[in-house]
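A short write-up of the structure that comes next.
In this text, all values refer to a predicted model and were calculated from it rather than measured experimentally. In each ligand, atom 1 is the first atom listed, and ligand 1 is the first ligand listed.
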Amino acid sequence: MENKHFLLICMPGQGHINPMFQLGKCLIHAGAGRVTFATTAHGLTQVEAFPSLENLHYASFSDGFDDGIKPTNDPHRIMAELKRVGSQTLTELLLSLSKEGNPVSYLIYTLLLPWAADVARDMSIPSAFLCILSTTAFALCYCFFEERDGVYDSNDNRPPSSIEMPGLPLFTSKDMPSFLLPNDPHASTLIPIFQHHIQALEKDSNPCVLLNTSDCVEEEAIRLISNLNPIPIGPLVSYAFLDENNSTDSSCGIDLFEKSAEYSQWLNSKPEGSVVYVSFGSLAVLQRNQMEKILLGLTSNCRPFLWVIRPSGSNDREFEEKIRDKVNEEVGLIVPWCSQMEVLTHESIGCFMMHCGWNSTLESLATGVPVVGFPQFSDQTTNAKMVEEVWRTGVRARVNEDGTLEAEEIARCLDMVMGGGQRGEEIRRNANKWKGLTLEAVMEGGSSYNNLNAFLEKIE
Ligand SMILES: O=c1ccn([C@@H]2O[C@H](COP(=O)(O)OP(=O)(O)O[C@H]3O[C@H](CO)[C@@H](O)[C@H](O)[C@H]3O)[C@@H](O)[C@H]2O)c(=O)[nH]1
């Protein structure tokens, strides 16, 4: 197994880098050989410090925007360039690795890069798709395309009203991945990419989808995509904070945002289970009005809160400063970025108010922290449904018709999840149960641990 060389490629978003980097660590830990982690040339320049591990190397490919993508760039052009320049520079990267004596024996690619499978096939390199969305969201896309025989017209204004998947609650349009709905601004860009992903897998005589989930977390959805040889190997979250004895996982991850150190001491000063941790991931941009309502909801609830407001997370630096100035440290702390797993494993944390991005959702399950979900887009709506109705580890906050979340609703949800009522107790009990189950899967002898080893043996 030692002389295998895995090339892992992903887009530079934090939600893409984190699970792919964790997979790289798992491969190295399993003794799979050499791992090269590659993202876009511009993405690579954004990393402050690269974790160094034996057998781990870094490389880049070009997406055609080496100076960075500007908000004004047209999404269709971005995706077309990514495919055109990406295919060319990935081929060059594979050739140069081969020339320097380190030929790639296996390629693993993530979301938005389906053309990587075509490049690998042309060069006779086997490949696997790492699905970094929830498998439930991916299975909904799969069912959606199957129902339409793979044909979807993004101008079609008849949205699917619901999708039924055996063993799961009914997914209505408000629970489906937002990009499947024709009125979604990203539908016309993302639907063809998902179709390409599925076609690339179906074209492969031996397709392989590595899933960032575990057998027990998404059993039903995994069964629905069984044609694609799914292999659940997750959750791919940083175990460094979960298992103090695991010296193999000392390196936590690649951060694209500067971390703040002040929060650890602040958390230490708070009672067990008292703090609301608030974060909406690395992409969501909230409106000023919404940020004010969140602030009001948090302060009126009288529980301490730690809120991550990324620089530009509201698109308005001056306004963000004003919000920061309004918060007294006794009540809350606002930071630009933190080590989320370190925060979630801190004993003072009692609730995670979040957007239900898949990584954050898995991190909440793995740390047993109950959730108040305020999904924004993409798979987040589906994940929020699973949190509330399947794992029952939290609630989805109800929004107005225009999508605004009111301060009173925030306070109601926090009281429900953190308070003494029956529902809160049930949620906290479930959160604890899922923490045990998700950890069991990734520990030695667990289902995900065994699945990864079986995958490695199979490709020998
Ligand atoms: O202060 C912070 C905030 C976040 N994180 C980490 O950043 C990642 C964020 O990932 P995720 O929760 O998935 O959110 P997004 O960054 O918004 O992820 C995008 O990518 C995900 C994976 O495809 C999708 O599920 C989401 O819908 C999409 O928005 C997580 O690992 C967090 O631990 C930190 O380390 N510190």
Side-chain angles (χ1 to χ4, degrees), residues 10-23 43 47-48 51 109-113 129-138 140-141 176-180 184 186 190 193-194 197 210-213 218 234-242 252-264 267 277-286 306-313 333-346 349 352-367 369 371 373-387:
C10 68
M11 288 302 277
Q14 194 76 54
H16 296 218
I17 283 182
N18 285 7
M20 192 54 121
F21 182 71
Q22 187 61 32
L23 172 61
V47 178
E48 295 257 322
Y109 62 96
T110 50
L111 210 59
L112 306 182
L113 309 175
F129 169 51
L130 172 68
C131 178
I132 53 171
L133 295 175
S134 61
T135 302
T136 312
F138 185 62
L140 280 167
C141 296
M176 272 184 236
S178 59
F179 50 81
L180 289 183
D184 182 86
H186 304 292
L190 291 178
I193 293 177
F194 272 91
H197 268 297
L210 299 172
L211 301 174
N212 185 11
T213 195
E218 293 183 280
L236 295 167
V237 301
S238 180
Y239 311 133
F241 296 103
L242 296 171
C252 300
I254 299 177
D255 276 306
L256 296 176
F257 301 86
E258 205 180 319
K259 262 185 258 174
S260 134
E262 60 189 311
Y263 57 83
S264 298
L267 287 175
Y277 169 57
V278 187
S279 171
F280 301 102
S282 65
L283 296 176
V285 173
L286 301 180
L306 173 66
W307 185 3
V308 177
I309 303 184
R310 298 185 327 273
S312 83
L333 185 68
I334 294 183
V335 293
W337 192 250
C338 65
S339 163
Q340 186 159 295
M341 282 299 282
E342 181 188 358
V343 167
L344 288 174
T345 48
H346 196 282
I349 300 296
F352 185 4
M353 179 171 171
M354 63 145 150
H355 64 316
C356 296
W358 185 234
N359 296 288
S360 296
T361 303
L362 284 174
E363 288 160 5
S364 74
L365 284 177
T367 53
V369 176
V371 168
F374 177 34
Q376 304 294 303
F377 50 75
S378 184
D379 59 336
Q380 298 159 19
T381 39
T382 306
N383 305 340
K385 169 101 170 168
M386 298 292 284
V387 164

Close-contact set for ligand 1 against Leu133 heavy atoms, below 4.0 Å: 23 (O)
With rounding to the nearest 0.5 angstrom, report the CD1 to SG distance, Ile17 to Cys10. 5.5 Å
With a cut-off of 4.0 Å, which atoms of ligand 1 are near a heavy atom of Ser279? 3 (C)
Under 4.0 Å from a heavy atom of His355: which atoms of ligand 1 are those, numbered in the order shown and with their elements? 11 (P), 12 (O), 14 (O), 15 (P), 17 (O)
Do Asn383 and ligand 1 have an N or O pair less than 3.5 Å apart? no
With Phe194, which residues qualify under ring pair (Phe, Tyr, Trp, His ring centres under 6.0 Å), at least two apart? Phe179
Run the numbers for me: atoms of ligand 1, each under 4.0 Å from some heavy atom of Asn18, listed by number. 6 (C), 7 (O), 8 (C), 30 (C), 31 (O)
In this structure, does ligand 1 have an atom that sits under 4.0 Å from one of the heavy atoms of Gly13? no
Atoms in ligand 1 flagged as close to Ser282, the criterion being non-hydrogen separation under 4.0 Å: 15 (P), 16 (O), 17 (O)
Can you report which non-hydrogen protein atom sits closest to atom 22 (C) of ligand 1, along with the distance? Ile132 O, 3.4 Å
Taking N or O atoms only and a 3.5 Å limit, does Ser339 qualify as a polar contact for ligand 1? no
Distance in Å, Ile349 CD1 paired with Leu267 CG, rounded so as to fall on 0.5 Å steps: 5.0 Å
Is there a side chain to side chain donor-acceptor pair (under 3.5 Å) between Gln22 and Asn18 once you walk through the steps? CA-CA 6 Å; Gln22 187 61 32; Asn18 285 7; over 6 Å; no
Please list the nearest protein heavy atom to atom 24 (C) of ligand 1 with its residue and the distance rounded to 0.1 Å. Asp379 OD1, 3.4 Å
Element-labelled atoms of ligand 1 that are located less than 4.0 Å from some non-hydrogen atom of Phe377: 29 (O)
For ligand 1, is there an atom lying under 4.0 Å from some heavy atom of Arg310? no
What's the shortest distance from atom 36 (N) of ligand 1 to any protein heavy atom, and which residue and atom give it? Cys338 O, 2.7 Å
For Ser360, take its heavy atoms, then give the atoms of ligand 1 lying under 4.0 Å from any of them. 11 (P), 12 (O)
Classify the ring geometry of Phe280 against Phe374: parallel below 30°, tilted from 30° to 60°, perpendicular beyond 60°. perpendicular
Between Phe138 and Phe129, is a ring-ring contact (aromatic ring centres under 6.0 Å, His included) present by the stated rule, with each step listed? CA-CA 12 Å; Phe138 185 62; Phe129 169 51; 5.7 Å; yes
dist Ile254:CD1 -> Phe21:CZ (nearest 0.5 Å) comes out at 5.0 Å
Got a donor-acceptor contact below 3.5 angstrom from the Arg310 side chain to the Ser279 backbone? no
Using the salt bridge (Lys or Arg N to Asp or Glu O under 4.0 Å) rule, collect all pairs that involve residues 375-386, keeping only residues at least two apart or in two chains. Asp175-Lys385, Lys385-Glu389
Which atoms of ligand 1 have any heavy atom of Val308 under 4.0 Å away? 1 (O)
Give me the nearest non-hydrogen protein atom to atom 29 (O) of ligand 1 as residue plus atom name, then the distance to 0.1 Å. Gln380 NE2, 3.1 Å
